[in-house]
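Throughout, a chain's letter reflects where its sequence line sits, starting with A, and its residues are numbered from 1.
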Protein chains: 2
Amino acid sequence: MPSLRLALAQVDTTVGDLDGNAALVRRAAAEAAAAGADLLVLPELALTGYPVEDLALRRSFVDASRAAVGRLAEDLAADGLGDLPVLVGYVDRASGPVAEGVSAAGRGQREGGGEESAGSESGATGVPKGLPQNCAALLHGGRQVGRYAKHHLPNYGVFDEFRIFVPGRDLLVARVRGVDVAVAVCEDLWQEGGPVAAAREADAELLVVLNASPFERAKDDTRLALCRRRAHEAEAVLAYVNSVGGQDDLVFDGGSVVVAPDGEVLARGEAFAEQLLVVDLDLPEGDPSPPDVERVQRVVVSQEPAPAREPVPAPLAEPLEDMAELWAALVLGLGDYVRKNGFRQVLLGLSGGIDSAVCAALAVDALGAEGVVGISMPSAYSTEHSRSDADDLAERLGIDYRVHPVAPMVEAFLANVPMSGVAEENLQARVRGTLLMGVSNSEGQLVLTTSNKSELSVGYSTIYGDSVGGYAPLKDVAKTDVWRLARWRDADARARGEREPIPEASITKAPSAELRPDQTDQDSLPEYDVLDALLEDYVVRAMGRSELLEAGHALEDVEKVVGLVDRAEWKRRQGAPGPKTTAVAFGRDRRLPITTHWREEDE
Amino acid sequence: MPSLRLALAQVDTTVGDLDGNAALVRRAAAEAAAAGADLLVLPELALTGYPVEDLALRRSFVDASRAAVGRLAEDLAADGLGDLPVLVGYVDRASGPVAEGVSAAGRGQREGGGEESAGSESGATGVPKGLPQNCAALLHGGRQVGRYAKHHLPNYGVFDEFRIFVPGRDLLVARVRGVDVAVAVCEDLWQEGGPVAAAREADAELLVVLNASPFERAKDDTRLALCRRRAHEAEAVLAYVNSVGGQDDLVFDGGSVVVAPDGEVLARGEAFAEQLLVVDLDLPEGDPSPPDVERVQRVVVSQEPAPAREPVPAPLAEPLEDMAELWAALVLGLGDYVRKNGFRQVLLGLSGGIDSAVCAALAVDALGAEGVVGISMPSAYSTEHSRSDADDLAERLGIDYRVHPVAPMVEAFLANVPMSGVAEENLQARVRGTLLMGVSNSEGQLVLTTSNKSELSVGYSTIYGDSVGGYAPLKDVAKTDVWRLARWRDADARARGEREPIPEASITKAPSAELRPDQTDQDSLPEYDVLDALLEDYVVRAMGRSELLEAGHALEDVEKVVGLVDRAEWKRRQGAPGPKTTAVAFGRDRRLPITTHWREEDE
């Protein structure tokens with residue numbers, strides 16, 4: 001059987017950075033060519049970055065993406081890499097008629113989309129303006145020789161593709177070294193029928209799938225099971241290449257895989273790292289007269305078999321265990337948010353508590369100790385151990401560390417503006433927020449918010465106080481997982497013979513906001529294991545009150561937590577939404593109305 | 001010809017307040033019955049409020065909406081109103097097979113949606129979870145006798161319905177007093193073919209359309225032209241009933257209309273006010289054997305003609321002119337945001353400038369003088385006229401007015417934390433924000449943000465400073481329109497023989513942030529007429545750089561403003577997004593990626 005040497009490039013792209021992303025493609029192509037690869041595949045929308053959101057609706061952006069893919073083909077040839085076929089994702093626009101059924105299916109948008117059309121509610125016209133499509137380009141010999149437009153556009157959770165793209169309907173099958181290679185993009189793989197079934201009909205021996213699939217905990221197993229099933233259905237080897245890196249609140253985890261039709265894993269990429277996977281595949285030669293299947297576009301890149309050569313060992317990375325995976329996701333998401341937005345340092349308040357300790361340790365792992373500034377801002381209610389735990393943390397991490405007591409500013413406010421009770425508690429937090437932003441504006445660091453998912457969900461946070469900052473590493477991490485992460489990180493350090501970064505005292509002491517004497521979180525909140533289990537079911541899994549009771553939660557806990565979450569939503573209406581984060585648990589309520597009187601009640 | 005007395009209820013509902021919204025329906029039904037109406041029509045999703053966003057994906061919410069519509073039918077009968085047929089919008093779930101084409105059209109979601117299905121990317125399954133539908137219920141005799149599910153689900157701009165609803169495919173035609181009445185919902189009217197064409201085929205004499213159509217400037221004319229065209233196409237009288245009131249960043253403007261097939265306006269409702277429109281229509285009697293049209297569900301409510309009665313004069317409200325309309329939209333949006341979130345008062349900083357003056361005047365029009373607290377917070381750089389203009393404004397408006405100089409707090413920060421340049425300027429704004437939030441936490445007012453669209457678009461604002469607040473009345477109003485609004489409001493007061501609310505000095509003086517000596521906005525920004533024209537084309541109309549030049553903007557202005565907007569987007573990545581507002585100009589970039597390196601460049 002002829003051999004095909006396949007290269008899959010896990011790259012960390014940035015949305016909108018067409019030149020920078022093209023440079024990543026060229027670098028991967030040079031490396032793939034040097035390794036003797038016959039075909040290079042990059043992730044979904046690698047040239048534009050993912051997700052592009054409503055940039056796809058800007059004509060100038062689609063024009064720029066189209067121009068960039070043409071320039072990339074020429075540049076690859078100029079680099080001496082024109083012989084290597086390259087599959088890369090980019091944004092194009094539909095040229096022919098739009099897929100049947102698109103306007104008939106209740107989409108509420110008119111076919112055509114020209115200025116002449118009647119318009120619809122709010123003045124938008126037709127299918128998405130400019131007919132953008134989520135495409136894969138096949139580049140060879142200095143030009144684009146093939147094009148595939150994604151069929152299935154996800155429209156749920158974090159995905160809005162049906163809003164901004166027009167679905168494709170054709171299948172691309174490229175013959176490379178005599179082997180027929182079919183192409184699909186991400187969600188196409190998750191849908192029954194469609195491109196996978198078409199690949200089998202078209203007698204493809206290899207199905208390559210370009211992905212930008214965001215990390216979720218334990219999603220890796222789901223993906224592998226799916227790849228195995230689809231490889232079996234397609235009767236083809238399946239090569240799944242995924243993006244890597246943080247983009248706003250998503251983080252892509254790499255972990256590309258190549259799976260045989262019998263389910264054998266032929267190769268597996270690293271999680272959370274850029275990598276070029278090179279894999280030798282023995283595949284049947286394509287039929288000299290392949291079947292003529294409707295809507296299958298065939299392109300012949302090369303018919304002659306590859307020369308005889310020494311096989312290369314396929315990479316087979318071990319999957320990470322749960323906490324290692326979560327830590328790596330948070331480090332990469334944080335680091336990329338900082339770097340891609342042009343910052344070199346972050347700044348955060350160190351309270352001596354577990355949340356700020358874990359945030360600081362994540363930041364040091366992402367940016368190095370020289371990239372992190374910590375400020376202790378003790379108030380009249382801060383305990384001595386808080387101060388010393390913060391000192392201990394900063395010393396362990398080796399970061400720039402400063403102390404600014406907040407009493408003088410707090411007293412100036414209280415002497416001039418009457419405030420009482422919770423307003424005075426919040427004032428301490430807001431003075432700290434103002435202090436951090438002032439230092440950030442003077443020195444140029446990005447402020448990190450140290451709040452975790454549990455306290456934010458129940459509104460245990462001060463608007464414009466501890467919620468201040470551009471990025472919140474733990475916003476999607478429950479408190480019980482913050483403790484788990486801390487213990488895992490310290491144990492990992494011990495196992496490597498290093499000093500633990502997080503002081504044991506920060507892990508074991510009772511959590512407190514220290515905004516009044518002897519305060520602890522459990523004055524206002526249920527125990528965190530009870531709270532976190534309820535938040536998972538109520539917020540993430542969207543269970544109603546009766547479902548929560550059926551699931552075994554105690555009535556008093558349900559009433560308390562549902563009340564706290566609803567009250568927190570009301571609190572948030574009084575201020576701006578919080579900072580960005582790296583999401584690691586989807587299914588959360590993303591688009592609830594701001595003003596709603598809806599409350600969970602037993603029917 | 002038999003007469004049909006039609007009642008259309010413009011009501012101000014609240015999302016999720018099922019009981020409160022049902023009470024509005026019952027009140028409208030009592031009023032309609034007292035007026036002798038034969039049919040009452042309420043807006044789209046009147047029972048649940050609009051938009052429900054991802055609440056539609058919570059099973060408990062759909063269950064509650066279904067239960068509420070059944071209870072409403074019973075309550076109407078118990079009220080003695082069971083004889084009056086009532087059409088009202090609510091959320092239901094699809095029971096039969098899902099419309100053909102839904103899963104075939106590239107939606108990227110699997111038909112069925114049960115737990116047993118294979119799942120798709122991110123674990124979501126099928127069409128929207130729980131198969132929710134945007135429905136109209138026909139209630140009569142204590143029960144639901146008809147049901148229509150919206151066919152066309154808008155999926156652009158502020159609309160996300162295709163994400164959360166399953167489209168319907170049948171047409172409902174109800175015979176009332178012997179007249180055949182077809183039903184459609186909002187976007188169904190904007191689409192060629194579909195329900196409008198089906199209404200003609202079904203020989204309906206009246207087409208009623210339930211809407212939740214958000215206000216946009218000058219949209220009223222577009223809607224009327226559309227209603228006339230569709231009435232002509234349907235060969236039927238068309239009755240368009242719209243919601244009224246603010247809901248988060250949308251405001252619904254009422255302005256319901258009834259149009260004859262020849263285009264004559266038979267009735268027109270008030271803008272921005274609740275109203276029951278009662279209209280006598282002379283309509284042909286329905287065919288004793290109406291055509292049997294595929295997918296048309298016919299319901300007979302009553303066959304016998306209405307009794308002879310004195311005709312009522314139809315309401316014919318005059319449309320508002322541009323500034324009057326905009327002022328009314330902002331007053332209603334602000335007032336409803338405050339009231340629906342349970343506040344009685346708002347609090348804002350008064351600088352003596354035009355933005356805070358217009359915000360305060362809007363707030364007084366929305367909530368009365370007793371609902372508004374103004375605080376002057378002069379700094380070392382505030383001019384004497386700023387202070388006196390703020391005094392003058394507060395006196396004209398008759399609001400609770402206080403003065404708190406910020407120097408003591410600013411000095412406490414500067415004495416303890418090193419800050420320089422722009423950090424010191426921002427510090428003044430943040431001390432003001434902290435002061436406002438402290439008073440708000442003590443006394444319970446909602447803080448208003450006074451920033452306008454022009455300065456926010458170019459980042460002329462301090463994160464956690466003047467951007468503090470839960471609601472920003474002018475966030476979607478350009479600076480040049482702020483001045484126009486002020487002049488209009490003062491002229492309107494003069495025309496009514498009242499004292500002008502806004503001091504002339506606040507309108508005529510050069511705008512300044514007063515964060516350093518002799519500062520004016522034009523030190524950093526282009527003239528506002530140039531800036532606003534460019535923002536409209538670049539941000540709202542999404543023109544690229546070459547299109548902006550073609551449109552006649554000067555090269556240096558394009559470069560300056562595009563640079564400012566892009567830099568402002570970068571600035572916003574350092575903090576939380578801003579407060580909510582009432583949107584009055586859609587088409588703005590709603591979902592741009594946060595981290596993007598995309599910049600407008602000439603190709």
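Remark: S442(A) OG to N426(B) CG distance equals 9.5 Å, nearest 0.5 Å.
Taking both residues in full, the closest heavy atoms of V422(A) and N441(B) are given as CG1-O, 4.4 Å, listed atom of the first, atom of the second, then distance. The heavy-atom pair separating A412(A) from A412(B) by the smallest distance is CB-CB, 3.8 Å. Of all heavy-atom pairs spanning S60(A) and G544(B), the tightest one is OG-CA, 3.6 Å.
In terms of heavy-atom pairs under 4.5 angstrom with chain A, the leader among K150(B), M419(B), E411(B) is M419(B).
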* Go through M543(B) and R59(A) one step at a time and tell me if the side chain to side chain contact (heavy atoms under 4.5 Å, CB included) criterion holds. => CA-CA 7 Å; M543(B) 284 186 186; R59(A) 195 176 80 180; over 6 Å; no
* After noting the C-alpha distance and the side-chain angles of R430(B) and L435(A), does the key distance pass the side chain to side chain contact (heavy atoms under 4.5 Å, CB included) rule? -> CA-CA 10 Å; R430(B) 291 194 182 114; L435(A) 199 161; over 6 Å; no
* To do: Would you sort out whether R163(B) and D160(A) count as a side chain to side chain contact (heavy atoms under 4.5 Å, CB included), showing the intermediate values?
  => CA-CA 8 Å; R163(B) 169 186 167 91; D160(A) 282 312; 4.0 Å; yes
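Contact of the P418(A) side chain with the H404(B) side chain is registered, since non-hydrogen atoms from C-beta on lie closer than 4.5 Å.
Heavy atoms closer than 4.5 Å to chain B are found in both the backbone and the side chain of N416(A). Looking at E547(A), only its side chain comes within 4.5 Å of chain B, counting heavy atoms on both sides. In this structure, the portions of S420(A) lying under 4.5 Å from any heavy atom of chain B include both its backbone and its side chain.
Ring geometry, F413(B) versus F413(A): the interplanar angle exceeds 60°, so the pair is classed perpendicular (tilted spans 30 to 60°).
With hydrogens and angles ignored, the 3.5 Å screen pairs no side-chain donor or acceptor of Y464(B) with any backbone N or O of G465(A).
Among the candidates L414(A), T434(A), V431(A), V417(A), the single residue satisfying the side chain to side chain contact (heavy atoms under 4.5 Å, CB included) test with M409(B) is V417(A).
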